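All figures in this text were calculated on a predicted structure; none of them were measured in a lab.
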Amino acid sequence: MIIPYQQLATNTLESILESYALREGTDYGIDEVPLQHKVEQLMQQLQHGDLLLVWSELHETINLMSKQSWQQLQQEASTTQAFNEDSSS
C-alpha cells in the first residue's frame, strides 16, 4: 500500500528518510555525502513522484521504492493472479 508522504508528521517522515539513507547499500561513492543532503535528495524524489513510501502489511514495515519498481511489482502481481485464475478453471 502506498502511503502519501504528505500525511506523515514532518519528524516521522524525516526519521524514515534518515533510516533509509543510513542503510547498507546506499553508498554515494568515494565522496562522503552528509546525511542531511541524502535526506534532502530523497525528499525531492518523493516530491517529484519518483520515489514512493510503501507499507508492507505482510511484514508490517515501511520502505521507499522507486515508482518504476512499484509499477513492475504491481504488473507481476496482476500477471500471477491472472495465471492462477486461468489455472484453477
Side-chain angles (χ1 to χ4, degrees):
M1 168 178 26
I2 296 175
I3 305 295
Y5 73 91
Q6 302 92 331
Q7 293 182 0
L8 297 177
T10 303
N11 33 345
T12 301
L13 178 58
E14 191 166 306
S15 293
I16 293 168
L17 297 178
E18 285 177 2
S19 173
Y20 184 82
L22 290 170
R23 290 182 193 167
E24 291 290 324
T26 56
D27 189 8
Y28 285 64
I30 296 172
D31 297 327
E32 185 67 28
V33 177
L35 178 60
Q36 188 57 38
H37 185 66
K38 293 176 186 180
V39 170
E40 289 169 3
Q41 288 178 332
L42 292 169
M43 187 63 191
Q44 288 175 355
Q45 291 176 43
L46 278 172
Q47 291 170 338
H48 290 127
D50 300 326
L51 199 60
L52 304 171
L53 277 172
V54 180
W55 172 256
S56 169
E57 293 178 19
L58 176 64
H59 299 103
E60 295 184 353
T61 58
I62 193 160
N63 200 3
L64 295 173
M65 182 180 281
S66 72
K67 183 177 183 178
Q68 182 180 7
S69 294
W70 172 257
Q71 290 171 335
Q72 183 178 3
L73 188 65
Q74 295 305 301
Q75 186 176 31
E76 289 170 5
S78 294
T79 302
T80 301
Q81 182 178 4
F83 177 78
N84 290 339
E85 288 173 358
D86 288 343
S87 296
S88 65
S89 299

Using a 4.5 Å cut-off on heavy atoms from C-beta on, say whether the side chain of L64 contacts that of Q45.
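No, every pair of side-chain atoms sits at 4.5 Å or beyond.
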Are Y20 and K38 close enough that some pair of their side-chain heavy atoms sits under 4.5 Å apart?
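The answer is no, as the side chains (C-beta and beyond) never meet within the 4.5 Å cut-off.
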Check [X] against [Y] and note the closest heavy-atom contact, atom names and distance.
| X | Y | result |
| --- | --- | --- |
| L53 | L46 | N-CD2, 4.2 Å |
| G49 | K67 | O-CD, 3.2 Å |
| T61 | W55 | O-CE3, 3.2 Å |
| W70 | V54 | CZ3-CG1, 3.5 Å |

Answer yes or no: is there a donor N or O on one side and an acceptor on the other, between the side chain of S15 and the main chain of N11, under 3.5 Å?
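Judged by distance alone, yes, a pair lies under 3.5 Å.
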Reported [atom1]-to-[atom2] distance for the pair [X] and [Y], which is rounded to 0.5 angstrom:
| X | Y | atom1 | atom2 | answer |
| --- | --- | --- | --- | --- |
| L35 | E40 | CG | CD | 10.0 Å |
| H37 | L42 | NE2 | CG | 10.0 Å |
| Q36 | L17 | CD | CG | 9.5 Å |
| Q44 | L51 | CD | CG | 11.5 Å |
| M1 | I62 | CE | CD1 | 9.0 Å |

Out of curiosity, does M43 fall in the hydrophobic cluster containing I3 (side-chain heavy atoms, cut-off under 4.5 Å, transitive links)?
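Same hydrophobic cluster.
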Is it true that L8 and V39 fall in one hydrophobic cluster, defined by side-chain heavy atoms closer than 4.5 Å?
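Cluster IDs for L8 and V39 match.
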Looking at residues at least two apart in the chain, or sitting in another chain, which of them share a side-chain hydrogen bond (donor to acceptor under 3.5 Å, both in side chains) with [X]?
| X | result |
| --- | --- |
| N63 | R23 |
| Q72 | E76 |
| S69 | S66 |

Can you tell me if CD on E60 sees more than 12 non-hydrogen neighbours from other groups inside 6.0 Å?
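Counting neighbours around CD of E60, 12 or fewer heavy atoms of other residues, nucleotides or ligands fall under 6.0 Å, so no.
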Does Q6, at its CD atom, have more than 12 non-hydrogen atoms belonging to other residues, nucleotides or ligands within less than 6.0 Å?
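More than 12 within 6.0 Å, yes.
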